[in-house]
Amino acid sequence: MATTTDDTAYVTTTEAIQLAPELNSSITHILRSKDPLDAQEFSSVEYINKIFPNEHSLSAVDQVLARLQAKAKQVQEELRELTRAQTDGGQKGQEEVEAAKKGIEMLFFKIKEIKEKATQSEQMVQEITQDIKSLDYAKRHLTTSITTLKRLQMLVTAVDQLKAMAQRKQYRETAQLLEAVLQLIQYFRTFQNVRQIAELTESVARLQSELERDIVKDFEHGFTQEGILVGNIGQLASACLVIDILGEDVRQNLVEWYCKLQLRAYRSVFKPNEEVSALDNTSRRYAWLKRLLKIHDEEHAHIFPASWDVSRILCLQFCQITRVDLTDILARSASTADVPLLLQVLQLTLEFESQLENRFMSRDVEFALNEDLESAGFSESISPCFEPYLSLYIEAEDKTLEEKINEFKLQEPVPEDDLSVTVLASSTDIFLFYKSALTNCAKLSRKKPFLDLCTVFGKWLRVYANDVLLAKLPKQGDKRPINREYLRSICIVLNTADYSLTTTSQLEERLWANIDPEFVDQVTMEPERQAFLQIISACTRALVRAVESHYEPAMVSMSKLPWGTVEYVGDQSEYVSMIHATLKTCVGAIQELITNKRYFRTFCDKLIESFVSRFAANLTRCKPISEIGAEQMLLDTQAVKSFLVETPNLGLETTVAVPTSFVKFVNRGLGKVETILKTAMSPHEPFDMFIDHYFLLIGDRHLGNFQRILELKGLKRTEQQQMVDAFLKKQTGMENLQENSTVMSVLQGMPAQISAQGVVGPSAGLAGNMAGLGLAALGSGPVAGLMTPGGPGTGGAAGGGKDGSNNPYQLSNIVTSSILSHSPFAALAAQHLNSNSPGGGAHSLGGDLDTGSGLGVGQGGQQSAGQAGGVGGSFAAGAKINVNIRKFVAGIRAKKDQDPGAAGGGGGGTSGI
């Protein structure tokens, strides 16, 4: 029992330990044990079942138990050994830590001992070398003292010699000695507390002042009051060497004195208010400086060192004086200034500045090699004084442009003799003038005046667009004949606007490149580009109006056709050929005359848009439109669409592929007209079928649109009222209908008046329509309409049987129903067939109609022989079918003439034709 208790406790402990799967996997990998008890997914039940697979194996239970007990004891022994080893390892680790601490302490002690010994060694070395240091310091001080005494001796000697040379005015030797003395004085700056050194320094300073004063006197004596050289060039040149050593301030003072002396004569000659100082004598100023520079280069340049740059400073002072003088002159004569003279003087000044700039940039090596120096300082040294008065020049250019524009308005006709001319000559003239003015102004100024010129350019470009180009377009109501010259005049204006648009963008880039960067953001030609784009748009509209006027007779011809009484569908109508001829002539000429084909494509789009709108609007002038008339009009519309899609190829020698987008555009526009005509082709009786047909094709619940379709069909007011009531009732609950279909947008201009009582407005009866023809001679039974849904005694719409299983609302039956359901042909056909077919059955005219199903007539058993059953089938709108229908109608009428009582009065009820 004790063993069992221990085992249970052991098992409980084992089950309580939950190791991570990764840890179990690692233990299995390390131990590599094959014992089932060491397995990661050990199951005691499976293990026992493996040991005791059957009842016979239970006889060895004692042996197995003994083995397990032995295994448990072995495991316990291994655990004890491992526990004991772990305990011994902890004690051994503590001992090793203590030993490491003792080793560290010994190491610190040894390091401290080494530092103490190093300090003692250093003290010993210093005691040994102390005497050597003292000797070294003594030697160094002795050397410095000897050097100082030698330099002092040199300084005293040099000062004495300098005084002697200065007294004898031997300036070249003086310059050398002065340079040496100044270097020695610099060495003794730290000895100024020594009295002898301080006195010596003061004597050198006095000597410098005396030298400066003597040299200035020598220069004053060397030049007369008029600036003429009378002194010794060599002596003055040597004196300049001394001045160069005396310092920058002394040199600047001497150069300033020389420049004032040379420019004194200039001031005396060009006094204010003198005639010689007038603006027109500005060239004499520049000539005077050129003569002075020539004298300077030949006589005075050898005196001054080249590094002094005396001639450049002389020119800069001249420019300053001249700028002040010209500013005063311009201020006094601003109100009476002559613009050509002002521009001439400014141009002369700019050339003069450029000459000075080139002179010193090419001659001065420092300027030539120094990349940081962009100019010699003469650019804009005088010319800025003219900028405030360049507004006079801008005004002059503005006035010149105004005169040009006025000439263009009055004198420039569209050239008729030279067919190679595609743009107006005025456009090239104005841009050539702009190019010249831009170049001239860029030479004069690239700042505010240039910006003002840009503003003037933009102003007159807008005036040219609006007052010249737009004025050449034909106005609304122009009575001129629309011929090639008429179209050419519009196309030339369009080409001119396109040329001006392109050139304006190039002009803008030129302006940006020439104006000062400070003003670039203020230059834009966007308003001018928009103005020319508006001209192009106006030209496109004018071309569309011209083509509209040209095909207007065709539209009138279309509206005059009797669409309500058309008896059969034939070839395309005459007005279609007229439209085609008009487009071929006009569009072909426009294709040839427009140079930028991008705008021709725009014209084609606008033309198609306009044509579709006018063609749809013309439908309202064609009412009433019968079912056959709508079918004929649908055929005409398809013919129109076939040549409209080829509009981009009109006028081309070789046709190209028409863009898919254009084809879709045409199909989308005329597709709405076709949908309206297909709706109008549907017979209005029965009402439900017509309304279903409307919902299928138009697909909206808009009462006004429905009213427009009824107006096109020309129904009577009472019929319209009934159909409106049925329409309102039938649309209830139909959620998939639109509120207002885009298909009917082309007829939005057609009136549709609706009151609370129903339809109000014109209601023309459809000539020749019959709701049904009562055939009294054939009986008094009810007459079955040809499109009446199947019922007892009626045939299917497509050759169906008596059960009326075929759907009369299928689109394949629309053509048949539109021709036969409400025309005299229907009742007469029924009469003809029934009168020739006593005994009932089905009869067919299919042998002559090229159709698989003919006109079927069903006869009920209890109904009179004269009751029409139904007519159905697919009816193709082709020429052959039309001929067959005409033959059929002629036979019907002939029989009616022979037997006039066949259609007499009776009880069936009739509807007048």
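All figures in this text were calculated on a predicted structure; none of them were measured in a lab.
- With Ser557 contributing its side chain and Pro553 its backbone, the two residues share no donor-acceptor pair below 3.5 Å.
- Between the CG atom of Leu677 and the OG1 atom of Thr637 there is a distance of 5.0 Å, given to the nearest 0.5 Å.
- Two residues are said to be in side-chain contact when any heavy atoms from C-beta on lie closer than 4.5 Å; Ser577 and Gln572 meet this criterion.
- Judged by distance alone, with hydrogens and angles left aside, the side-chain atoms of Ser613 form no donor-acceptor pair with the main-chain N or O of Glu609 at under 3.5 Å.
- The 12-atom threshold is not exceeded at NZ of Lys399, counting heavy atoms of other residues, nucleotides or ligands nearer than 6.0 Å.
- Annotation: side chain of Cys539 is in contact with side chain of Ile535 (closest heavy-atom distance under 4.5 Å).
- By the 30° and 60° cut-offs, the orientation of the rings of Phe600 relative to Phe603 is tilted.
- With rounding to the nearest 0.5 angstrom, the CE atom of Met681 is 11.0 Å from the CD atom of Gln632.
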>> Could you walk me through whether Glu592 and Arg484 satisfy the side-chain contact (heavy atoms from CB on, under 4.5 Å) test, starting with their C-alpha distance in whole Å, then the side-chain angles of each, then the deciding distance to 0.1 Å, before giving a yes or no?
In response: CA-CA 11 Å; Glu592 180 183 350; Arg484 183 180 179 85; 3.1 Å; yes

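- Contact between Leu635 and Asp571 at its shortest, heavy atoms only, is CD2-C, 4.1 Å.
- For the 3.5 Å distance criterion, the side chains of Tyr464 and Ser426 qualify, holding a donor opposite an acceptor.
- Ser626 places a side-chain N or O within 3.5 Å of a backbone atom of Trp563 that can act as its donor or acceptor partner.
- Among all heavy-atom pairs drawn from Ala546 and Leu487, the shortest one is CB-CD2, 3.8 Å.
- Between the side chain of Glu739 and the backbone N or O of Asp700 there is no donor-acceptor pair closer than 3.5 Å.
- At a threshold of 4.5 Å between non-hydrogen side-chain atoms, the residues Trp460 and Val463 count as touching.
- Relative orientation of the Tyr694 and Phe727 rings is perpendicular, given thresholds of 30° and 60° on the angle between their planes.
- The pair Asp429-Lys404 fails the salt-bridge criterion, with no side-chain N (NZ, NE, NH1 or NH2) lying under 4.0 Å from an Asp/Glu carboxylate O.
- Judged by distance alone, with hydrogens and angles left aside, the side-chain atoms of Tyr434 form a donor-acceptor pair with the main-chain N or O of Phe457 at under 3.5 Å.
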> Passes side-chain contact (heavy atoms from CB on, under 4.5 Å), Leu697 versus Lys678? Steps please.
Replying inline: CA-CA 8 Å; Leu697 293 177; Lys678 289 176 183 177; 3.7 Å; yes

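- Between the side chain of Ser436 and the backbone N or O of Leu432 there is no donor-acceptor pair closer than 3.5 Å.
- Atoms CZ and OG, from Phe706 and Ser741 in turn, are 14.0 Å apart once rounded to the nearest 0.5 Å.
- Donor-acceptor pairing under 3.5 Å is recorded for the side chains of Thr595 and Asn495.
- Across every non-hydrogen atom of Val523 and Trp512, the tightest pair is O-NE1, 3.0 Å.
- Between the side chains of Ser537 and Arg541, at least one donor N or O lies within less than 3.5 Å of an accepting N or O.
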>> If you apply the rule side-chain contact (heavy atoms from CB on, under 4.5 Å), what do you find for Asp636 with Phe615, and how did you get there?
In response: CA-CA 11 Å; Asp636 294 342; Phe615 189 79; 5.7 Å; no

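- The CE atom of Met723 sits 11.5 Å away from atom OG1 of Thr718, with the distance rounded to the nearest 0.5 Å.
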>> If you apply the rule side chain to side chain donor-acceptor pair (under 3.5 Å), what do you find for Arg601 with Ser661, and how did you get there?
In response: CA-CA 11 Å; Arg601 171 60 194 276; Ser661 59; 3.3 Å; yes

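- The two residues Thr496 and Val423 have their closest heavy-atom pair at OG1-CA, 3.4 Å.
- Contact annotation: the side chain of Leu461 approaches that of Phe431 to within less than 4.5 Å [non-hydrogen atoms, C-beta and beyond].
- Interatomic distance, CD of Glu403 versus CG of Leu401, reported as 9.5 Å (0.5 Å rounding).
- Here the closest heavy-atom approach between residue Glu627 and residue Ala680 is recorded as CG-O, 4.1 Å.
- Applying the 6.0 Å contact sphere to NZ of Lys641 captures more than 12 heavy atoms from other residues, nucleotides or ligands.
- A side-chain N or O of Asn740 and one of Asn705 form a donor-acceptor pair less than 3.5 Å apart.
- Arg529 and Thr502 are not linked by any side-chain donor-acceptor pair at a separation below 3.5 angstrom, with hydrogens and angles left out of the test.
- Pro683 has its side chain within reach of Met689: a pair of non-hydrogen atoms, C-beta onward, lies under 4.5 Å apart.
- The ring-ring contact (aromatic ring centres under 6.0 Å, His included) pairs that include a residue from residues 636-661 are His580-Phe643, where partners are two or more places apart or lie in different chains.
- Counting heavy atoms from C-beta on, the side chains of Lys713 and Lys623 never come closer than 4.5 Å.
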>> Pair Arg462, Asp467 - check salt bridge (charged side-chain N to carboxylate O under 4.0 Å, His left out), show working.
In response: CA-CA 8 Å; Arg462 294 191 298 272; Asp467 294 356; over 6 Å; no

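- Residue Val544 comes nearest to Leu607 through the heavy atom pair CG2-N, 3.9 Å, listed as atom of the first residue, atom of the second, then distance.
- Using a 4.0 Å cut-off between a side-chain N of Lys or Arg and a carboxylate O of Asp or Glu, Asp398 and Lys459 qualify as a salt bridge.
- The CG atom of Leu438 sits 7.0 Å away from atom SG of Cys454, with the distance rounded to the nearest 0.5 Å.
- Side-chain polar atoms of Glu402 and Asn406 form no donor-acceptor pair below 3.5 angstrom.
- The shortest side-chain heavy-atom distance between Val547 and Ile590 falls under the 4.5 Å cut-off.
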> Would Met633 and Met558 satisfy side-chain contact (heavy atoms from CB on, under 4.5 Å), going step by step from the backbone distance to the final call?
Replying inline: CA-CA 9 Å; Met633 195 176 290; Met558 174 184 175; 4.0 Å; yes

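- For the 3.5 Å distance criterion, the side chains of Gln530 and Glu526 qualify, holding a donor opposite an acceptor.
- Using a distance-only test at 3.5 Å, with no hydrogens or angles considered, a donor-acceptor pair links the side chain of Thr647 to the main chain of Leu644.
- Counting only heavy atoms from C-beta outward, the side chains of Asn596 and Leu494 never approach each other to under 4.5 Å.
- Counting only residues at least two apart or in different chains, salt bridge (charged side-chain N to carboxylate O under 4.0 Å, His left out) contacts with residues 659-672 are absent.
- A donor-acceptor distance shorter than 3.5 angstrom exists from the side chain of Ser427 to the backbone of Leu424, with no hydrogens or angles considered.
- A side-chain donor from one of Glu646 and Asn649 sits under 3.5 Å from a side-chain acceptor of the other.
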